[in-house]
Protein chains: 2
Amino acid sequence: MGRRRTVSAGEPLIWEDDDSLLVANVIEGVLKLTTSTADGREQIVGVAYPSDFIGRPFGQTSAASVVALTDARVCVFARNDFDRFARDHPELEHKLLERTLAELDRTRAWMVLLGRKSAPEKIATFLLDMSERLADNGCMAHTGPAKHFTLPFSRQQVADLLGLTIETVSRQFTKLKADGVVALPGRRDVEILDRAALQTLAG
Amino acid sequence: MGRRRTVSAGEPLIWEDDDSLLVANVIEGVLKLTTSTADGREQIVGVAYPSDFIGRPFGQTSAASVVALTDARVCVFARNDFDRFARDHPELEHKLLERTLAELDRTRAWMVLLGRKSAPEKIATFLLDMSERLADNGCMAHTGPAKHFTLPFSRQQVADLLGLTIETVSRQFTKLKADGVVALPGRRDVEILDRAALQTLAG
DNA sequence: TCCGATCCTTGACCGAAATCAATCTGGCGG
DNA sequence: CCGCCAGATTGATTTCGGTCAAGGATCGGA
């Protein structure tokens, strides 16, 4: 069915291929979905992990662009083919509906963060979210939230995810380190030292 | 199938009924979907217009609460019944999937507004959005964006939608009026005098 | 028509985060 | 091993929008 493709970190996943739009399934790696304003301010509107579906089947084409954050493997489908196939396979459509509903829930929760939370709350919420998302990367289920993990994001990308500037993100990280809430052994490594404190900060 | 219910303006739509969760279809009126932080800050995460679907079929219950903005009529279903019915009717699931994908797109566009736009940009974007949404309320299709319309929101609710405070919303409205971009004949009435200016402001 | 409640507007002030501007770090190629 | 450079941190300053605090408008009910 779909064709395998590899995308290296930083590379965009092109949505035009043989004049036909694509949809895709993530096999491995992490990708960002972004939308930008006319003057170039960027907002990350979604993050796709393995097994997540990306693209916009049925009609309209979505405005978001997709870029790999880590080296990634995806399984791409020409959209027309996919649409036809989906219509004939209710089980697939059902699965897709469940995933889309779950993604909508997650997106709505993120709206509260963007619209109503302060910078410290945003950072704390982000770290807790990451610690959960990156925990069950492997094959075994529910190992619980990770204490130590490597972010698939640069500081700028964290800023684009939280609706902040890179400087504010950096300052908040520094503050959490100074307060002994987290350790930052490497640029993208986080170790949660005081989860309770983070949860309090997250509000 | 579903039971008709009327909800008057300001009244919440309860999701518990005879120990079974509900899903619903909006027949008439406008409702808000909100999520709040622990300390009571509120964010409107979605707005449901006639023909929109609300609630969370299949598994998890969504965290959002639903309140009618205007008097509304909805058609409610016990979720268990709905789930069973949907699984047996692929056409319904397909329709629901299309709507959910469209809602996800709209929600993602709103994230850019919340995360990256200034107060003037937020207000301008909001007014243009409203002018389009409230245009085809009636039966005829595509009359184009409305020049004059009545908001289904109080100032506080506009603030909750845009991630601002009521004072900032008020000041921005006043400024647009002073600049001759809009007229505000009544508390909730908006007349767009200079659409081009609004579009420029929206960015 | 008057009253009261609620919603909205306006003003003065403050503070959190953005902006502007240097450094600093660490990873990599030569 | 050294120098380079993108990414990250830190500091100084500004600004936008929030907070606090009065008023003013509008609507419904007596």
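Letters go in sequence order (proteins before strands), and every chain restarts at 1. Just the heavy atoms: all of them, side chains too, but no hydrogens, waters or symmetry mates, feed the values below.
Annotation: of the two residues near DNA chain C, Q172(A) and E167(A), the 5′-most nearest-nucleotide partner is Q172(A). Nearest-nucleotide positions on DNA chain D for R116(A) and R188(A) put R188(A) closer to the 5' end.
Backbone-only contact: T174(A) has heavy atoms under 4.0 Å from sugar-phosphate atoms and none from a base. Looking at heavy-atom distances under 4.0 Å, G163(B) makes contact with sugar-phosphate atoms alone, never a base.
Shortest non-hydrogen contact noted between L96(A) and P57(A) is CD2-CG, 4.3 Å.
Rounded to whole Å, atom P of dT6(C) lies 14 Å from atom CD1 of I166(B). A straight line from CD of Q157(A) to P of dG7(D) spans 9 Å, rounded to a whole angstrom. Taking atom CZ of residue R155(A) and atom C1' of nucleotide dT25(C), one finds them 12 Å apart after rounding to whole Å. One interatomic measurement links the two molecules: NZ of K177(B) to P of dA25(D), which rounds to 11 Å at whole-angstrom precision. The CG atom of L201(A) sits 16 Å away from the C1' atom of dA16(C) (whole-angstrom rounding). Between the P atom of dG17(D) and the CZ atom of R41(B) lies a distance of 18 Å, rounded to the nearest Å. Nucleotide dA17(C) holds its C1' atom 17 Å from the CG atom of L114(B), rounded to whole Å. Atoms CG (L164(B)) and C1' (dC8(C)) sit 16 Å apart, rounded to a whole Å.
In this structure, R171(B) does not reach the dT10(C) phosphate: none of its side-chain N or O atoms is under 4.0 Å from OP1 or OP2. Proximity of T165(A) to the phosphate of dA17(C): no side-chain N or O atom is located under 4.0 Å from OP1 or OP2. Within the 4.0 Å cut-off from OP1 or OP2 of dG17(D), not a single side-chain nitrogen or oxygen of T168(B) is found.
Between E191(A) and K177(A) there is no salt bridge, since no side-chain nitrogen of the basic residue lies less than 4.0 Å from a carboxylate oxygen of the acidic one. Note on E93(A) versus K95(B): no salt bridge recorded, every NZ/NE/NH1/NH2 to OD/OE distance being 4.0 Å or above.
When ring centroids are compared, F82(B) and F53(B) come within the 6.0 Å threshold.
A donor-acceptor pair is defined here as one N or O able to donate and one able to accept, closer than 3.5 Å; no such pair exists between the side chain of W110(B) and the backbone of M111(A).
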